[in-house]
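See below for the structure under consideration.
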Amino acid sequence: MQRLQFALLASLLLLVLLLPGIRSTPTDQEVDIVHYQPEQVHLAFGETVLDIVVTWNTRDNTNESICEFGIDGMHQRVKAAQMPTKFVDGGAKKATQYIHRVTLSHLKPNSTYLYHCGSELGWSATYWFRTRFDHADWSPSLAIYGDMGVVNAASLPALQRETQSGQYDAIIHVGDFAYDMDWENGEVGDEFMRQVETIAAYLPYMVCVGNHEEKYNFSHYINRFSMPGGSDNMFYSFDLGPVHFIGFSTEVYYFTKFGIKQIVMQYDWLERDLIEANKPENRKKRPWIITYGHRPMYCSNDNGDDCANHETLVRKGLPMLDFFGLEPLFYLYGVDVELWAHEHCYERMWPMYNYTVFNGSLAEPYVNPGAPIHIISGAAGNHEGREPFFKRMPPWSAFHSQDFGYLRLKAHNRTHLHFEQVSDDKKGEVIDSFWVVKDKHGPYQSDLN
């Protein structure tokens with residue numbers, strides 16, 4: 001009996017001694033994984049609509065950025081002259097990734113290209129995009145929205161489906177991404193970019209900055225996107241069909257801790273761009289001017305946001321000074337439509353300037369209107385939910401809805417635009433639809449200041 005007990009004890013002791021060795025077998029040791037595979041692929045227009053910028057991320061540095069592409073097979077190859085950009089998140093982990101950019105230049109119009117991106121260390125899947133035309137005589141279709149997060153991205157499934165079916169020529173995301181891109185050491189931003197890849201890898205995904213991008217001086221927004229113009233994605237313009245689009249930052253008016261100079265620089269650029277767009281030969285070719293920025297000049301939301309105040313910063317400019325306000329500038333140069341987000345709702349306004357309605361006529365308010373038309377479409381879905389409206393709506397508000405959804409625009413020609421707001425709550429039903437008709441474009445005529 002004693003011998004048996006001794007044998008059992010000896011066996012247990014041997015097992016205890018062997019356990020550390022068992023735990024450290026090679027299959028259970030931590031592996032130093034390298035991440036060379038491209039992810040978060042997305043497109044943008046370059047300096048013309050026949051230049052496409054391909055942007056993607058890798059976790060580790062591949063020391064090169066390459067795109068292979070072509071119409072009949074991927075027989076063309078472009079290698080970026082610059083090295084991938086190292087981007088370090090400002091959070092505690094200082095998470096690092098590398099941003100790759102390759103420009104595909106002088107593409108053929110009205111053609112479908114296949115492409116993949118990466119390096120000799122790893123390649124993406126194969127995607128496709130379709131070029132359109134660099135002239136004004138065609139009718140582009142766009143989806144427009146803001147305020148879409150990784151949680152409750154209500155519009156994402158419909159936008160994915162409609163993109164894959166070829167319904168759009170470009171996307172405009174009017175600020176506020178992921179909620180927020182810097183959260184969880186940038187992992188929320190990574191997940192958002194993966195989610196929108198099924199849209200953004202197939203269409204130019206044009207963006208402007210929102211308040212949710214402010215962290216670390218907008219570093220995630222600046223590094224992750226690749227808009228034209230060389231202004232860290234803050235302000236730029238592009239031409240598509242008969243429309244001159246202008247994207248800009250409303251956040252310069254609210255985050256002045258980063259300096260007043262940014263307001264002055266943007267305002268000067270906006271005026272120069274508008275002067276160029278209003279040259280007779282340019283306005284004749286592309287008569288429509290459409291702007292987009294995140295925080296609205298006007299809104300009817302009962303939530304204390306600045307757009308519900310009379311002296312909105314974007315509209316009036318710096319407090320007490322009224323310098324660099326954008327409403328007089330846009331009015332002076334005849335901006336036709338101003339697109340906004342920030343409010344998690346949809347709201348269409350009558351044509352107005354300085355709280356005064358300038359309908360074209362009582363029967364046809366959007367036929368030759370006397371002032372810009374403001375549209376808010378910030379309801380693509382996020383975890384913050386919906387915005388309340390005032391119980392008594394102001395007279396300049398034409399239509400409003402709390403439904404999650406997104407805006408469609410088709411620029412039919414030089415005289416006709418068509419807008420429609422799609423409701424996700426109502427499973428794709430169009431809840432608002434209207435035409436803007438103008439046979440004359442340019443500065444508005446009014447005695448108002």
Side-chain angles (χ1 to χ4, degrees), residues 136 139-146 168-175 206 208 235-248 250 270 273-274 277-278 282-283 286-299 307 314-315 326-343 346-354 357-360 364-378 396-400 406-422 432-444 446:
S139 304
S141 295
L142 298 92
I144 301 158
Y145 52 87
Y168 302 117
D169 300 300
I171 300 288
I172 296 178
H173 188 144
V174 193
M206 310 306 287
C208 70
F235 47 85
Y236 62 92
S237 62
F238 65 96
D239 296 324
L240 197 63
V243 183
H244 182 66
F245 287 98
I246 303 175
F248 65 97
T250 58
L270 282 168
D273 190 82
L274 287 164
N278 272 281
N282 292 333
R283 198 82 199 237
R286 290 187 171 88
W288 297 105
I289 298 179
I290 297 177
T291 63
Y292 52 97
H294 184 62
R295 300 201 208 199
M297 293 185 189
Y298 300 94
C299 70
C307 54
V314 176
R315 190 176 77 84
L326 296 184
E327 185 174 43
L329 183 72
F330 290 172
Y331 184 84
L332 174 64
Y333 291 103
V335 170
D336 299 290
V337 179
E338 300 178 29
L339 302 171
W340 312 97
H342 190 58
E343 304 303 321
Y346 169 72
E347 185 169 13
R348 166 171 56 87
M349 294 142 200
W350 300 120
M352 68 171 171
Y353 175 74
N354 197 24
V357 173
F358 286 91
N359 287 345
E364 297 179 310
Y366 297 116
V367 176
N368 294 316
I373 300 159
H374 295 252
I375 305 169
I376 298 172
S377 188
W396 38 262
S397 180
F399 182 92
H400 65 280
Y406 54 97
L407 185 69
R408 292 175 182 151
L409 161 64
K410 188 173 182 67
H412 282 265
N413 50 42
R414 291 177 173 84
T415 58
H416 288 69
L417 300 179
H418 186 251
F419 291 93
E420 54 187 27
Q421 178 71 8
V422 179
D432 188 39
S433 177
F434 66 103
W435 289 88
V436 181
V437 180
K438 296 183 80 167
D439 52 31
K440 180 181 179 183
H441 299 262
Y444 298 101
S446 173

Heavy-atom pair of closest approach, residues [X] and [Y]:
{"X": "Gly146", "Y": "Ala341", "result": "CA-CB, 3.8 Å"}
{"X": "His294", "Y": "Val174", "result": "ND1-O, 2.9 Å"}
{"X": "Pro443", "Y": "Leu332", "result": "CB-O, 3.0 Å"}
{"X": "Ser139", "Y": "Asp169", "result": "O-OD2, 4.2 Å"}
{"X": "Pro372", "Y": "Tyr331", "result": "CD-CD1, 4.0 Å"}
{"X": "Arg414", "Y": "His441", "result": "O-NE2, 3.1 Å"}

Candidate pair Tyr298 and Glu327, rule side-chain hydrogen bond (donor to acceptor under 3.5 Å, both in side chains), full reasoning: CA-CA 11 Å; Tyr298 300 94; Glu327 185 174 43; 2.4 Å; yes
Quick one: does [X]'s side chain have a donor or acceptor within less than 3.5 Å of a partner on [Y]'s backbone?
{"X": "Asn368", "Y": "Asp439", "result": "yes"}
{"X": "Asp432", "Y": "Gln421", "result": "no"}
{"X": "Trp288", "Y": "Phe245", "result": "no"}

In terms of relative ring orientation, are [X] and [Y] parallel, tilted or perpendicular, with 30° and 60° separating the classes?
{"X": "Trp435", "Y": "His416", "value": "perpendicular"}
{"X": "Tyr366", "Y": "Phe434", "value": "tilted"}
{"X": "Trp340", "Y": "Phe248", "value": "perpendicular"}

Is the shortest heavy-atom distance from the side chain of [X] to the side chain of [Y] under 4.5 Å?
{"X": "Val314", "Y": "Cys307", "result": "no"}
{"X": "Lys438", "Y": "Pro369", "result": "yes"}
{"X": "Pro242", "Y": "Pro140", "result": "yes"}
{"X": "Phe399", "Y": "Glu347", "result": "no"}
{"X": "Arg408", "Y": "Ser141", "result": "no"}

Tyr346 ring center within less than 6.0 Å of His400 ring center: no
